[in-house]
> 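Questions regarding the structure given below will be posed in turn.
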Amino acid sequence: MSNKTFYVTTPIYYVNDVPHIGHAYTTVLADVLSRYHKLLGDEVFFLTGTDEHGQKVQQAAEKRGVTPQAHCDEYSERFKSAWKDLNIDFNHFIRTTDKAHVEYVQRKMEELWNKKLPSGESLIYDKEYSGWYSTSEERFFSEDELVDGKDPISNRAVEWITEKNYFFRMSAFQEKLIHYIEIEKPDFILPDFRKNEVLGFLKQPLRDLCISRPKSRLNWGITLPDPDYVAYVWVDALLNYASAVDGKKFKTIGNNVWPADFHLIGKDILTTHAIYWTTLLMALEMPLPKHILAHGWWMIDNARMSKTTGNVVSPLAMKDKYGVDAFRFFLIREMTMGYDATFSDAIFVTRLNASLANDVGNGLSRVLKLAEFLEFKLDYSQDNFSEYVRFGNSSASAQPQLFAYESLINTSRAVIRELPGMVEKVFLSFALDSHVGLFGDLNRYLEVSAPWKLAKGGEVEKRLLNNILWHCSEAMRIGFTLLHPVMPKKMDEALAALGWTFEESQKQLVWRDSGSFSLKSISPLFPRIDTKTIPVADAPGKTESTDPFSSVELRAVKILSVEDHPNAEALYVLQVDAGGETRTVCAGLRKHLTKEELIGKMGVLVANLKPASLRGVMSQGMMLAADSEGGKLSLANPESAQPGDAITAEGLESHPKPQINLKDFEKCPLAAKGGKVHYKGKELRSPHGAVLAQAPDGAVVK
RNA sequence: GGCGGGUUAGCUCAGUUGGUUAGAGCAGCGGAAUCAUAAUCCGUUUGUCCGGGGUUCAAAUCCCUGACCCGCUACCA
């Protein structure tokens, strides 16, 4: 048909992970997309797999008392079997411990090691490197990424390590990358707003990428040209997309499978793919992938799905509960590309009942039941269409029927015609809607032509009944065929009820003018789910309307010392006495106040603010300061308070949370009024007096 | 703080280059029908298209401005 090729990938999943709805979504999306391409006549290569190197794997294996390889062999199966259950038809399942992959990575690394830039600089260089290393995340964090001295992702301790490592001169490709994303291939990163994010990120100088890990720390990995080192897991993992198809060619055209047409990924690994992977390929002088599609996350009842909160939706559980195909349909239908989508039983059931049970399944049942009157045999050719007009002896009374008939046939044709565009743009949600919409036309056609009235009539009526049911069957055949990529098993069943196989039907993906059907009765295709057993509407979750300010903890503090921030022109680093403890706080006061104006003074500290590292120095809180004339800031002054005194708003109960975000605090508008600080008109006080601010009325305090 | 995106029916969202009475699905309400899976079909929402200003013969659509929400990023503190 189209004689094109299509290579699609999912990320390779970390072998220690338990398959969840996020993995399932990407994989189902890849499967549906590749089945659509096959339906359109393309030759497809669909790759998925598991990422098996790294410290966590090594540790997990040790814990279980098995070799890392044995551990991977076993855990990798969990993904394979999950995909089998979800009817995923991949061409290849790559494992980064595959011999071919390991050798490929080594070969490519060798190549990198020997390559030089036009400037004569080598692509790879080694450097003594010191940094905070997190064992659990297997990477270094810069000082300012740390939270409370711990790694910000897993919140585990980090250690300061100095070691030699190898770096990839990623920075040399920055301009080329920007040009590629912006000009050469504007649809490289999809959706568009993600592209803009990447371009925004690229406005700052790109740092070179550390691509090695010393074996002394980690030996479960791929050895680099320097035998004392293994490859950084991302380098290892990203290369899977190319290694899996190294030397492979498409049969139809004979071109190489690489480059990929689509890398399907979650939005959390966009930087890695758009920047690391792309520049790496540039360095290797390999063709670049054509599209990177970053989809959103699944929210479970409006909370981000996460392992820690335990609201992981297991794809296997969904399969058992509602059936594989309904689950696949829901995933593809519900997520608008790029945005987050919400998963809940209520939404699922509503969607399933409304689209699949009521429209599609019930439509088939109606036709099958009526076909009994004709012993399930339908014959038709365009010629006996004129019987419409004869029916009822008046063309006027046949008008609604004609209209419904034309609508049915036109929709059928339109849906076929529009499919390639939908698939190309990955507008699958739209496509599904229009496919289901075809069954809406079918139901309307049945309603208007009321074939059940004809069932007990004579020859002429039977003839007409035959024609109507044939039209319906033909429309359904097209609908089922188009829905097949999403719901292969159910659509096989449905097509079988029409006396067709998918393979035969896809060869005739067109509204036919004549032919015959040999139908057979089947049990309901998508049984309706009783909503009584399932909570229907999501309660909009009443959030109790406590004042945001009550969760804030303010404390009077005394400034002990003031230093210039070593690395930030606008910041001071303060040591403050917060009553029994000394805290380090960064303050953006350097342009406003001298050291002398600060030392020994009292101030107000937002004490339960989540600590953040600012340009390398941890700040354990934030000093309150008021805007005053001329854009100057002045410190809020808790009158005659002692260090450690709690500051509260008059008449407002204070229930500080252990930790709040800056955003939470920003929801609390503090303002000066009459030389004192107020929150929503309430005076801020310590036990010993008000909090003063040298600022005009209405000045913002923060 | 910077950049980007958003705000359209009770809910989830479409609305192409500005152009007739602003749409779909779901939910609700009323009716019809009885072939079918308590399914279907028809009708039904007086929507300040977030507010304010502007350009235009004409703005949901373009410009300015304000509010709120979200994403990325930061010498946020």
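Here is the naming used below: chain letters follow the sequence lines, and residue numbers restart at 1 for every chain. Atoms considered below: every heavy atom in the structure, side chains included; atoms not considered: hydrogens, waters and symmetry mates.
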> Could you go over nucleotides 32-36 of chain B and give all protein N or O partners under 3.5 Å, atom names and distances?
{"residue": "C35(B)", "atom": "O2", "partner": "R366(A)", "partner atom": "NE", "Å": "3.1"}
{"residue": "C35(B)", "atom": "N3", "partner": "R366(A)", "partner atom": "NE", "Å": "3.1"}
{"residue": "C35(B)", "atom": "N3", "partner": "R366(A)", "partner atom": "NH2", "Å": "2.5"}
{"residue": "C35(B)", "atom": "N4", "partner": "R366(A)", "partner atom": "NH2", "Å": "2.9"}
{"residue": "A36(B)", "atom": "O2'", "partner": "N362(A)", "partner atom": "OD1", "Å": "2.5"}
{"residue": "A36(B)", "atom": "N1", "partner": "R366(A)", "partner atom": "NH2", "Å": "3.4"}
{"residue": "A36(B)", "atom": "N3", "partner": "N362(A)", "partner atom": "ND2", "Å": "3.4"}
{"residue": "A36(B)", "atom": "N3", "partner": "R366(A)", "partner atom": "NE", "Å": "3.0"}

> Looking across every strand, which nucleic acid part, if any, lies under 4.0 Å from G363(A) by heavy atom: base, sugar-phosphate, or nothing?
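No contact at all - G363(A) keeps every heavy atom at 4.0 Å or more from the nucleic acid.
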
> Any base atoms under 4.0 Å from E334(A), or only sugar-phosphate, or nothing? Heavy atoms, all strands.
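Nothing, no heavy atom under 4.0 Å.
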
> Tell me what P451(A) touches on the nucleic acid: a base, only sugar-phosphate, or nothing, going by heavy atoms under 4.0 Å.
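Contact class for P451(A): none.
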
> Between A74(B), U37(B), G71(B), which nucleotide has the shortest distance from any of its atoms to the side chain of R528(A)?
U37(B)

> Sticking with atom C1', work out how far A59(B) lies from U44(B), rounded to a whole angstrom.
29 Å

> Whole angstroms only, please: what is the CD-C1' distance between E569(A) and A74(B)?
15 Å

> With the threshold set at 4.0 Å, does a side-chain nitrogen-carboxylate oxygen contact exist between R590(A) and E569(A)?
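No, this pair does not count.
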
> Using a heavy-atom cut-off of 4.0 Å across all strands, would you classify L525(A) as base, sugar-phosphate, or nothing?
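It contacts base atoms.
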
> Could you run down the sub-3.5 Å N/O contacts of the protein with nucleotides 23-27 of chain B?
none

> Just to be sure I understand the rule, does L609(A) reach a base, reach only the sugar-phosphate, or reach nothing, if contact means heavy atoms closer than 4.0 Å?
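Base, at least one base atom sits under 4.0 Å.
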
> Name the nucleic acid region contacted by R590(A), choosing base, sugar-phosphate or nothing; use a 4.0 angstrom heavy-atom cut-off, strictly under.
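No contact.
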
